[in-house]
Amino acid sequence: MTDTHPSPHHATAPDEAAHGIAKGLPDYGDRGFSLFLRRAFIKGAGYTDAALGRPIIGIANTASAYNPCHGNAPQLIEAVKRGVMLAGGLPMDFPTISVHESFSQPTSMYTRNLMSMDTEEMIRAQPMDAVVLIGGCDKTVPAQLMGAASAGIPAIALITGAMLTGAHRSQRVGACTDCRRYWARFRAGEIDAQEIADVNRQLVASVGTCSVMGTASTMACIAEALGMTVPGGASPPAVTADRIRVAEQTGAQAVAMARSGLTIDRVLTARAFENAMRVLLAIGGSTNAIVHLTAIAGRMGYDIDLEAFDRMGRQTPVLLDLKPSGAHYMEDFHHAGGMATLLRELKPLLHLDALTVTGRTLGEEIERAGPGFAQQVVRPLERPIYPQGGIAVLQGNLAPGGAIIKQSAADAALMEHEGRAVVFENAEDLARRIDSDGLDVTQADILVLKNIGPKGAPGMPEAGYIPIPRKLARAGVKDIVRISDGRMSGTAFGTIVLHVTPEAAVGGPLAHVRNGDRIRLSVRERALTLLVDDQELARRASAYPVAVPRADRGYRKLFLQSVTQADQGVDFDFLRAPVTRARLPASGAWHDAACPPAPPSLPGAMPEAGLRAARTSADPPSAIPPTAP
Ligand code: FES
């Protein structure tokens, strides 16, 4: 693998060498006047010259009344500011778009790229020497990492943290695996309206993100595996003292990064992405995360090779015993030592020389975390909860660009299966007919849902978790093979094939599946096969050509013109790095010698989060001198 391009970014602002308040001035044709004017305005808010002389740490504030997953953002911002001030910086928080799963129509994925553009451009537009990204709910961490990757300055992620679990009639419950479990029981007539109303009050016991290994928890773990959080930044629940301490440490670390010039391209390296892929597989993480990771990697000039990722999966067991693949919740993971416990077990499979936001390597951070202790949540490598990675990649004539299945959350009895297709043309068709007593469906059939891909819905909604038809649910059926070009929530479970690429809406083979066609799924062979010959498929394609969705104006027009397929991360084509550096993972080897080595641990690494880094002569030229006390 070659890595000849020092940076994926083209933009070189004329004042790139400027720091703090002098950075990124508006263009009036007179830089002195621009700075004079800026200082005049900010002094209107009561700032002194001493404050304005410090490194500026931007804090992306994603608090929103519509986003209870970020309900602790005000407390986090207060703690980040404390950390920044203690380390000699000036904190400046600024608002960005905030996206919550249940308050984003048509789907949160539709606005992820918009949030990433907001994040990138506000980092670029406003003077800041480093940025703290406060995110947590499913799409916010990916959007922020995508935007920050493109903006290119020092950046550090601060996760809002998981919600606490609740209890319903002495049963521990948490969003949202249990949401689906109880709703499925209600649909099947196993529980009544009173009980479903009662459990509705208990599923989300506090602010914070979903409490299982859904997309939010997965992206929190991935952010730490990428080296983008302080050590231990992934697992503390939202309402704990540990989470607040992480916030303070994050603020202090951001100042150290601003001073040492630790830009995001030194952290988001090929090796960091390979570590993140390992972790995704080993935690039985959300299928959505592979889309997000692809999008983040694309911003740095890396493509994700799904077949190589699958080979990596065959060598990476699931170690984390969390719902929906296992039994526990995020707060249990935190009590078990969080990511340090997992990374310690995964050590033989990781690139230990990948640099993190602390200026130390991942291997150094694992050592600093100390020895492990007895716990029940993270299994040792030799005793995994599932022998392969949580996600398998399927190929075949139904998905020439690939499809995925979360095998660790699927029914083993259905992973080798051939059945008759029962087809729904789109989400509306599904809603109209899925509960009809007249629906011609049996447990042996395969449900196929079209037109919920990136352009189809649009936004690739999490409708891939097709409900069990009511007549089958009432008969006690708990799982059935389901196939779509959409996504599903990371909290969901079942034998569900997702991300079929190319999607139906752009004329992929999925568009031409008909009721009664036979489909064969073999997870063992990684095959998804439509048992219809090529001539017949070509005949159907020419008789019924697909009209690709378009829009007349606005964001929807931009989205439909620019969104890429699942294997490209569902990012906008114009937001990817202009140069492709490599395809990842580079090979399935534990340690890939072809992978470019990570930069060495920075001399300015903080001995402990919260302490000021000493500047050394090895710091890059753009590094900021320490503030005079
Ligand atoms: Fe926000 Fe689940 S809805 S993390």
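Computation of the quantities below employed the complete heavy-atom set of this structure, encompassing side-chain atoms and omitting hydrogens, waters and symmetry-equivalent molecules. Both ligands and their constituent atoms are indexed starting at 1 by order of listing. All of these numbers come straight from a predicted model, not from anything done at the bench.
Remark: Ile466 CD1 to Ile452 CD1 distance equals 6.5 Å, nearest 0.5 Å.
For the residue pair Thr495 / Asp479, a side-chain donor-acceptor distance below 3.5 Å is found, with atom types taken as modelled. Between the side chains of Thr160 and His70, no donor-acceptor pair of N or O atoms lies under 3.5 Å. Side-chain contact of Ser108 with Glu101: a donor-acceptor pair under 3.5 Å is present, judged by distance alone.
Cation-pi check for Arg180 over Tyr465 is met; the charged atom lies under 6.0 angstrom from the ring centroid and within 45 degrees of its normal.
Each of Arg556, Lys139, Gln105 was scored for a side chain to side chain contact (heavy atoms under 4.5 Å, CB included) with Tyr110, with one residue passing: Arg556.
For ligand 1, the 4.0 Å heavy-atom shell contains residues Cys69, His100, Glu101, Cys137, Asp138, Thr209, Cys210, Ala216.
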